[in-house]
J.: 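Handing you a structure now.
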Amino acid sequence: SALVVTSTDRRNTLIFDVKRWSVGMSYRRRIYFTSEQKSENGIAGNGHLSVVWDGAKKTWDENLSPIKIPIFGGINGYRVFLANKNVTDRLLQVKSLDDLRAFSVGFGIGWAGEEIFNHNGFKTVHAKYSKLFKMLNGGRFDIFSRGIQEAFAEMEKYGGEYPNIFIEDSLGIYQPSFMYFYVNKNNQVLFDAIETGLTNAFADGSFKKLFLSRPEIINAFEEGKIKERKWYKIQNPFISEDDFSRNSAYLKSIGLLNF
């Protein structure tokens, strides 16, 4: 049978093969990208989708069955900044979360991260992803919130075209963020298969081995100086405290900071 997998995020290249973690199942796999609403409806409603991966959402927890094991290790919650060179001196003066709130922050249209930052008192600007680098280069906003696993590839891609952009290398925001697989509430067989596979992968170290072999993760730990930055934790209104507590052990097991 065909397992149809969907995601809302084309930019995230750290995609783990569902088949790798699904115990005792045989299928062909198709992956495509769609909107959050279409993903949710496709799983919960007509059933033409099998699995979706996306950030933890309380509403999705109600309508779908989340396999609450963080498939990207929670690293997408570690946010660093592409910044306009004109704010370099101001960034050097940052000593607190309130100091960071003085900077305007760029986001893509519809990104949950903007709502998270707004919830925590930040000023934000949004636009199409393709326009954000030009806007940052021109000073339309001060800093661009990026996952630590994303920033260096983007800088390599866009830095030559936009010379006023640099990666700030000493600060970061930690917003608890976890990507889960979601399946239909009535598909217990698929739920059990993926949950068992992921549980085993964390327990035997194979998840950590795969995770730490990815180039973007290597960059996060080495170029990103993940263990050397000053991290400021903010609240994520889309996840529960139970999610954070449950996933702390997974973060620690793959070498991420445990807040």
Side-chain angles (χ1 to χ4, degrees), residues 9 11-12 55-56 72 74-179 216-217 219-239 244 251 256-257 259:
D9 190 355
R11 296 167 297 104
N12 201 330
F72 297 148
I75 198 167
N76 44 305
Y78 294 83
R79 315 299 296 182
V80 298
F81 306 118
L82 300 184
N84 184 287
K85 289 181 179 179
N86 290 334
V87 301
T88 302
D89 291 340
R90 289 173 56 203
L91 286 167
L92 291 172
Q93 302 303 314
V94 170
K95 304 298 180 186
S96 68
L97 188 56
D98 277 341
D99 290 341
L100 270 177
R101 289 189 177 103
F103 296 84
S104 54
V105 190
F107 290 93
I109 295 172
W111 290 5
E114 182 173 21
E115 293 186 61
I116 293 170
F117 271 62
N118 287 156
H119 177 79
N120 287 273
F122 284 85
K123 299 176 293 185
T124 61
V125 174
H126 61 252
K128 290 182 178 180
Y129 174 75
S130 59
K131 297 181 181 297
L132 288 166
F133 298 92
K134 183 176 182 179
M135 291 172 65
L136 177 60
N137 190 72
R140 297 275 299 277
F141 54 90
D142 300 322
I143 56 179
F144 184 10
S145 170
R146 309 307 299 128
I148 195 169
Q149 79 281 10
E150 300 168 323
F152 294 91
E154 290 177 332
M155 193 66 198
E156 182 176 344
K157 181 176 181 179
Y158 296 106
E161 184 177 359
Y162 301 114
N164 289 333
I165 297 177
F166 73 103
I167 300 177
E168 199 287 326
D169 65 359
S170 64
L171 303 170
I173 292 257
Y174 177 64
Q175 57 180 55
S177 297
F178 307 110
M179 300 286 282
E216 61 267 46
I217 303 304
N219 283 342
F221 278 88
E222 296 180 357
E223 291 185 72
K225 303 177 182 177
I226 194 168
K227 295 188 176 181
E228 300 169 31
R229 290 175 180 268
K230 172 62 179 177
W231 293 98
Y232 295 99
K233 184 182 175 183
I234 62 176
Q235 294 180 327
N236 182 344
F238 297 111
I239 69 169
F244 177 69
L251 269 65
L256 294 177
L257 301 176
F259 286 83

J.: Does Arg140 have any salt bridge (Lys or Arg N to Asp or Glu O under 4.0 Å) partners at least two apart in sequence or in another chain, and if so, which?
T.: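 Partners of Arg140 by the salt bridge (Lys or Arg N to Asp or Glu O under 4.0 Å) criterion come out as none, since no residue qualifies.
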J.: Just to verify, which of Glu150, Gln175, Met179 counts as forming a side chain to side chain contact (heavy atoms under 4.5 Å, CB included) with Asn76?
T.: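 The passing option is Met179.
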J.: So does Ser96 get a backbone contact from the side chain of Arg101, meaning a donor-acceptor N/O pair under 3.5 Å?
T.: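 Checked: no pair found.
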J.: Can a donor-acceptor pair be found, under 3.5 Å and without considering hydrogens, that links the side chain of Asn120 to the backbone of Gln235?
T.: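 Confirmed, Asn120 side chain pairs with Gln235 backbone.
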J.: Check whether any side-chain heavy atom of Val80 lies under 4.5 Å from a side-chain heavy atom of Glu168, and answer yes or no.
T.: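 A side-chain contact under 4.5 Å is absent here.
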J.: Go through the steps to decide whether Ile109 and Lys128 satisfy the test side-chain contact (heavy atoms from CB on, under 4.5 Å), and finish with yes or no.
T.: CA-CA 6 Å; Ile109 295 172; Lys128 290 182 178 180; 4.1 Å; yes
J.: As an exercise, state the distance from CD1 of Ile143 to CD1 of Ile173, rounded to the nearest 0.5 Å.
T.: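 If I round to the nearest 0.5 Å, the distance is 7.5 Å.
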J.: Between atom OG1 of Thr124 and atom CD of Glu114, what is the distance when rounded to the nearest 0.5 Å?
T.: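 Between atom OG1 of Thr124 and atom CD of Glu114 there are 3.5 Å.
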J.: Should Asp169 and Lys225 count as side-chain neighbours, where that means a heavy-atom distance under 4.5 Å?
T.: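 Touching, per the 4.5 Å side-chain cut-off.
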J.: Sequence neighbours left out, what pairs pass ring-ring contact (aromatic ring centres under 6.0 Å, His included) with at least one residue falling in residues 131-154?
T.: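 Every pair satisfying ring-ring contact (aromatic ring centres under 6.0 Å, His included) with a residue in residues 131-154: Tyr129-Phe133, Phe133-Phe144, Phe133-Tyr158.
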J.: For Lys233 and Pro176, indicate whether the former's side chain and the latter's backbone hold a donor-acceptor pair under 3.5 Å.
T.: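 No.
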J.: For the CZ atom of Phe81 and the CG atom of Leu136, what is their distance to the nearest 0.5 Å?
T.: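 Between Phe81 CZ and Leu136 CG, I get 12.0 Å after rounding to 0.5 Å.
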J.: The test is side-chain contact (heavy atoms from CB on, under 4.5 Å); show your working for Thr88 and Leu91 and say whether it passes.
T.: CA-CA 5 Å; Thr88 302; Leu91 286 167; 5.8 Å; no
J.: Should Leu97 and Phe122 be marked as a side-chain contact (heavy atoms from CB on, under 4.5 Å) after you check the CA-CA gap, both sets of side-chain angles, and the distance that decides it?
T.: CA-CA 10 Å; Leu97 188 56; Phe122 284 85; 3.9 Å; yes
J.: Provide the closest heavy-atom pair for Ile116 versus Pro237 in the form atom of the first, atom of the second, distance.
T.: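 Closest pair (atom of Ile116, atom of Pro237, distance): CG1-CD, 4.1 Å.
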J.: So which heavy atom on Lys95 is nearest to which on Asp99, and how close?
T.: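 Looking at all heavy atoms of both residues, the closest pair is N-OD2, 2.7 Å.
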J.: Let me see the working for Asn236 and Tyr174 under side-chain contact (heavy atoms from CB on, under 4.5 Å), right down to the final yes or no.
T.: CA-CA 10 Å; Asn236 182 344; Tyr174 177 64; over 6 Å; no
J.: Measure the CD1-CZ distance between Ile148 and Arg229 for me, rounded to the nearest 0.5 Å.
T.: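 With rounding to 0.5 Å, CD1 (Ile148) is 5.0 Å from CZ (Arg229).
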J.: Say whether, by atom type as modelled, one donor and one acceptor occur between the side chain of Asn84 and the main chain of Asp142 under 3.5 angstrom.
T.: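 Absent.
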J.: How far does CG of Leu100 sit from CZ of Arg90, to the nearest 0.5 angstrom?
T.: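 Spacing of CG (Leu100) from CZ (Arg90) equals 10.0 Å.
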J.: Kindly give the heavy-atom pair with the smallest separation between Asn164 and Asn137, and that separation in Å.
T.: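 Closest heavy-atom pair between Asn164 and Asn137: N-OD1, 2.8 Å.
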J.: What closest approach, in Å, do Ser177 and Gly77 show between heavy atoms, and which atom pair accounts for it?
T.: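 It is CB-CA, 3.8 Å.
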J.: Within this structure, what is the CD-NE2 distance for the pair Glu115 and His126, rounded to the nearest 0.5 Å?
T.: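 The NE2 atom of His126 is 11.0 Å from CD of Glu115, to the nearest 0.5 Å.
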